[in-house]
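Below is one structure, written out as structure tokens; the observations come after it.
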There are 2 protein chains.
Amino acid sequence: METAPDDVAELAAQLRPALLRLGRMIRNQRVDFSLTLGQLSALYTIEKSGPLSPRQIASLERVQPPSMTKILASLEELDFIRREPHPTDGRQALIAVTPKGEEYLQIERTARDRWLNRRLAMLEPAERAILMSAAPLIDKLAEI
Amino acid sequence: METAPDDVAELAAQLRPALLRLGRMIRNQRVDFSLTLGQLSALYTIEKSGPLSPRQIASLERVQPPSMTKILASLEELDFIRREPHPTDGRQALIAVTPKGEEYLQIERTARDRWLNRRLAMLEPAERAILMSAAPLIDKLAEI
DNA sequence: TATTGTTATACTCTATAACTATA
DNA sequence: TATAGTTATAGAGTATAACAATA
């Protein structure tokens with residue numbers, strides 16, 4: 001049974017387990033385990049899309065507002081985020097990452113990159129060239 | 001500042017966020033949310049590497065044995081796994097996935113593939129060809 | 001009156017400690 | 001005596017419900 005050159009289903013079946021497995025391994029590269037996954041994920045989200053209100057962060061993180069209240073309180077305690085009043089709506093607060101929070105994220109990102117770097121260095125240059133051309137496509141798949 | 005054709009660090013920085021983002025989106029494609037992530041992950045592990053003892057599963061899943069005891073009890077209650085005595089060691093049990101458990105996993109896998117299929121179908125054939133050649137490399141990165 | 005955010009409380013999941021059975 | 005697995009109990013983390021402040 002021959003696989004067609006452009007078999008979408010075959011490609012999905014090949015790609016899915018490989019992506020999930022490598023993604024899990026990258027996520028496991030942590031330097032500092034003092035933040036829970038929920039705290040780390042919220043911090044990434046605020047960095048990426050902030051400043052955001054607690055409710056917006058809760059929605060993006062798919063947790064309920066009271067749960068986010070606790071996560072934000074713990075991050076504020078660490079001085080990883082700061083809170084500013086909303087310019088026009090007195091009920092809302094706007095949350096942003098502090099320089100200390102940015103530094104934490106950068107250290108974690110560097111650890112993940114270093115790990116991935118070591119792995120990539122074991123490939124042939126031609127293989128890395130393929131991955132380099134695949135990277136924007138993987139990003140596109142997540143974007144559509 | 002020009003990027004070298006074979007810049008490993010640049011590749012890692014490109015690949016990491018794309019992989020993590022797409023992986024997260026694939027993982028979010030669930031059909032049935034009655035299993036917790038811990039239950040689902042243990043079931044995948046048993047399917048992949050089983051039959052395994054509870055202690056081995058706990059180790060692979062990076063949870064403590066008492067936590068795995070509960071997860072296994074819930075999966076057994078659902079008739080997703082079965083327990084057999086170890087042939088030579090009366091203390092151990094060997095856990096394997098039942099046909100009903102396999103069916104559950106297959107349904108979840110199919111949902112993830114269907115979602116990924118739809119996305120892949122939006123790409124150009126040439127782009128899919130690049131991803132097809134990248135898939136084994138992504139797998140290789142996780143394997144090394 | 002509706003919405004944002006917090007506090008109060010309960011439930012789920014995982015961990016450590018203690019116990020039973022087998023090697 | 002050591003190891004596999006379970007039971008007992010406690011500690012995080014998240015949820016729902018109720019409340020205070022602002023739109």
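Because the structure is a prediction, the values reported are computed rather than measured. Chain identifiers are assigned alphabetically (A, B, ...) following the order of the sequence lines, protein sequences preceding nucleic acid strands; residue numbering begins at 1 within each chain.
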With a 3.5 Å cut-off and sequence neighbours excluded, list the donor-acceptor pairs that the side chains of residues 49-56 of chain A form with protein atoms.
unit_1  : atom_1 : unit_2  : atom_2 : d
A:Ser53 : OG     : A:Gln56 : N      : 3.2
A:Ser53 : OG     : A:Gln56 : OE1    : 3.4
A:Gln56 : OE1    : A:Ser53 : N      : 2.9

Between the protein and nucleotides 19-23 of chain D, which nitrogen or oxygen pairs come in under 3.5 angstrom?
unit_1 : atom_1 : unit_2  : atom_2 : d
D:dA23 : OP1    : A:Gly90 : N      : 2.8

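Checked for salt-bridge contact, B:Arg83 and B:Glu76 meet the test: a charged N lies under 4.0 Å from a carboxylate O.
Judged as a side chain to side chain donor-acceptor pair (under 3.5 Å), and not counting sequence neighbours, the contacts of A:Ser74 are A:Gln39. Judged as a salt bridge (Lys or Arg N to Asp or Glu O under 4.0 Å), and not counting sequence neighbours, A:Glu102 has no contacts. Under the rule for a salt bridge (Lys or Arg N to Asp or Glu O under 4.0 Å), A:Asp79 has no partner lying at least two apart in sequence or in another chain. Annotation: salt bridge (Lys or Arg N to Asp or Glu O under 4.0 Å) contacts of B:Arg112 (sequence neighbours excluded): none. Qualifying side chain to side chain contact (heavy atoms under 4.5 Å, CB included) partners for A:Asp89, counting only residues two or more places apart in sequence or in other chains: A:His86, A:Arg91, A:Gln92. Listed by chain and residue number, A:Arg30 satisfy the salt bridge (Lys or Arg N to Asp or Glu O under 4.0 Å) test with A:Glu108 (two or more places apart in sequence, or in another chain).
Checked by atom type and distance alone, the side chain of A:Asn117 pairs as donor or acceptor with a backbone atom of A:Asp113 at under 3.5 Å. A donor-acceptor pair under 3.5 Å is absent between the side-chain atoms of B:Arg128 and the main chain of A:Leu11, judged by distance alone.
Of all the residues in residues 72-83 of chain B, not one reaches under 4.0 Å from DNA chain C with any non-hydrogen atom. Interface residues of residues 23-34 of chain B facing DNA chain C, ordered by number: none; criterion, heavy-atom separation under 4.0 Å. For residues 54-61 of chain A, proximity to DNA chain C is found at A:Pro54, A:Arg55, defined as any non-hydrogen atom under 4.0 angstrom from a strand atom.
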Each nucleotide of nucleotides 7-15 of chain D classed B (base within 4.0 Å of a protein heavy atom), S (only sugar-phosphate) or -, in 5' to 3' order, makes B-B---SBB
The test is side chain to side chain contact (heavy atoms under 4.5 Å, CB included); show your working for B:Leu105 and B:Phe80 and say whether it passes. CA-CA 10 Å; B:Leu105 287 177; B:Phe80 282 5; over 6 Å; no
